[in-house]
Amino acid sequence: MKIVFFGSSDFAVPSLRNLLDSPHEVLAVVTQPDRKKGRHLKVSQTPVKKLSSKRGITIYQPENAKDTESLKYLESLRADLFVVVAFGQIFSKSVLNIPKIYSINLHASLLPKYRGAAPVSRAIMNGENRTGLSIIRMNERMDAGDIILQRPVGIEEKDTSETLNRKLSDLGGILLLDAIRFIEQDRITFKKQDEKKATFAPKLKKEDGLIDWKKDALKIHNMVRGLTPWPCAFTFLNDKMLKIRKTDVSPSPDKSEPGEILDIQKEGLIVACGKGLLIIKELQLEGAKMMDIASFVRGHKIEKGMFLGRPACR
RNA sequence: CGCGGGGUGGAGCAGCCUGGUAGCUCGCAAGGCUCAUAACCUUGAGGUCGUGGGUUCAAAUCCCACCCCCGCAC
């Protein structure tokens, strides 16, 4: 099968790798342009581009895959199938109709739930204990195409977006090959998505990480898990940004004010929330490295009765 | 040339502004106390103060360059 692969982020890497290792012919890889990013605005390549150049695959990086020049190029490849995984651009019908067969997309949720850019993080943040993978035949609407294959995946208590993403991207790469095999054998039965059940998982923004201490400890805990490693849940300690990477919850009820540090123990800071207690185990102060509580307490002034999340500490 | 914080014994920090032979909380080792302990007491080992230059009688501290880590922004 002659395939053009569209992908950008880490999530797409196992899928691409599997395709490259398969008998299928990857005609070209389409990925986002190199962008000035990160500290000092250095130019960086997508993980997909790095893998592709290592494997000597033709790379195409359009600013917009829908423009006429891109369309012309994509048509010239004469592909059987377009495979799209975490690409980062929205396609129009003109793109989707180019391949002989059609275009498929691997998405990290059990569609129609969690359509959109951040399905994994949002699922964890909502405290789900199950999510999954879907492969769909793409149409013009985002993540709304008919379902080709699905596979549920459990979310474990210890999972963060980081671990779950890895799991899902690995499994996704396998599922993708299955799907392509079924397509080749013409054994697909499309399943329409139930629009009434559709939910959305919008792209995460930095401010999604701001902790509201009035919320339940469990809710905050799930937020911390879902936002690891990026954008990372955060609060403030004496006007400095404090990222919180690892937490636990303790059910013991209390009448303290949300955000108050009630105790400092070896395993973590005990912080009052709207309901329940949050145990902060790993954190990172602005400008410093991520560290566990034992280390943090040794070098920083922190004591019971201080408040988190109050920009100007009383 | 996007903005800013930081690199000090194994860990986390103070000291730097106002140069003058390195400190704190831990960890580690040995000994003591104890029925016992992650508790307490005593002693001890362990540091080219990121790298290279410069200023100075003297630099962790001031000046210049570079490397690495981190946050913002993207």
Under a 3.5 Å cut-off for both contacts, is B:G9 paired Watson-Crick or G-U wobble with anything, and if yes, with which nucleotide?
none
Please report the distance separating the P of B:A60 from the corresponding atom of B:G53, rounded so that it comes out in whole Å.
14 Å
Under the side chain to side chain donor-acceptor pair (under 3.5 Å) rule, collect the residues that match up with A:S121, sequence neighbours excluded.
A:S161
Using purine N1 to pyrimidine N3 plus N6-O4 or O6-N4 for Watson-Crick, or N1-O2 and O6-N3 for G-U wobble, both under 3.5 Å, which nucleotide pairs with B:A29?
B:U43
C1' atom, B:C24 versus B:A65: distance in rounded Å?
33 Å
Can you tell me the pairing partner of B:U61 across any strand shown, Watson-Crick or G-U wobble, with both distances under 3.5 angstrom?
none
Main-chain N/O of A:N126 paired to A:N222 side chain as donor or acceptor, under 3.5 Å
no
A:D263 meets the salt bridge (charged side-chain N to carboxylate O under 4.0 Å, His left out) criterion, sequence neighbours left out, with A:K304
B:G2 and B:A58: how far apart are their P atoms, nearest whole angstrom?
39 Å
Length of the line joining A:K240:NZ and B:G4:P, which is rounded to integer Å:
16 Å
Span that lies between the C1' atom of B:A29 and that of B:G46, in whole angstrom:
11 Å
What is the ring orientation for A:F6 with A:F82, classed by angle as parallel under 30°, tilted 30 to 60°, or perpendicular over 60°?
tilted
For B:G5 versus B:G23, give the span between their P atoms, rounded off to a whole number of Å.
29 Å
Distance, C1' atom - from B:U61 to B:C3, rounded to whole angstrom:
26 Å
Check the distance between B:A38's P and A:K266's NZ and give it to me in whole angstrom.
11 Å
Under 4.0 Å protein heavy-atom contacts per nucleotide of nucleotides 67-74 of chain B, with B for base, S for backbone only and - for none:
--SBBBBB
Each nucleotide of nucleotides 23-28 of chain B classed B (base within 4.0 Å of a protein heavy atom), S (only sugar-phosphate) or -, in 5' to 3' order, makes --BS--
Please report the distance, rounded to the nearest Å, between CD in A:E303 and C1' in B:C13.
16 Å
Which nucleotide, in any strand shown, forms a Watson-Crick or G-U wobble pair with B:C17, with both distances under 3.5 Å?
none
For A:C273 and A:K215, which heavy atoms make the closest approach, and how far apart are they?
CB-O, 3.4 Å
C1' gap between B:G19 and B:C28, integer Å:
34 Å
Using the C1' atom as the point on both nucleotides, what is the distance between B:U56 and B:G20, in whole Å?
11 Å
Residue list, salt bridge (charged side-chain N to carboxylate O under 4.0 Å, His left out) with A:R225, at least two apart or on another chain:
none
Hey, could you give me the CG/CG distance between A:L218 and A:D248, rounded to the nearest 0.5 Å?
10.5 Å
By side chain to side chain contact (heavy atoms under 4.5 Å, CB included), which residues pair with A:E140, not counting sequence neighbours?
A:K93
Let's test this: given Watson-Crick or G-U wobble pairing with both distances under 3.5 Å, identify the partner of B:G71.
B:C3
Give the ring-plane orientation class for A:F236 versus A:F234, where under 30° counts as parallel, over 60° as perpendicular and anything between as tilted.
perpendicular
To the nearest 0.5 Å, tell me how far A:L262 CG sits from A:I279 CD1.
11.0 Å
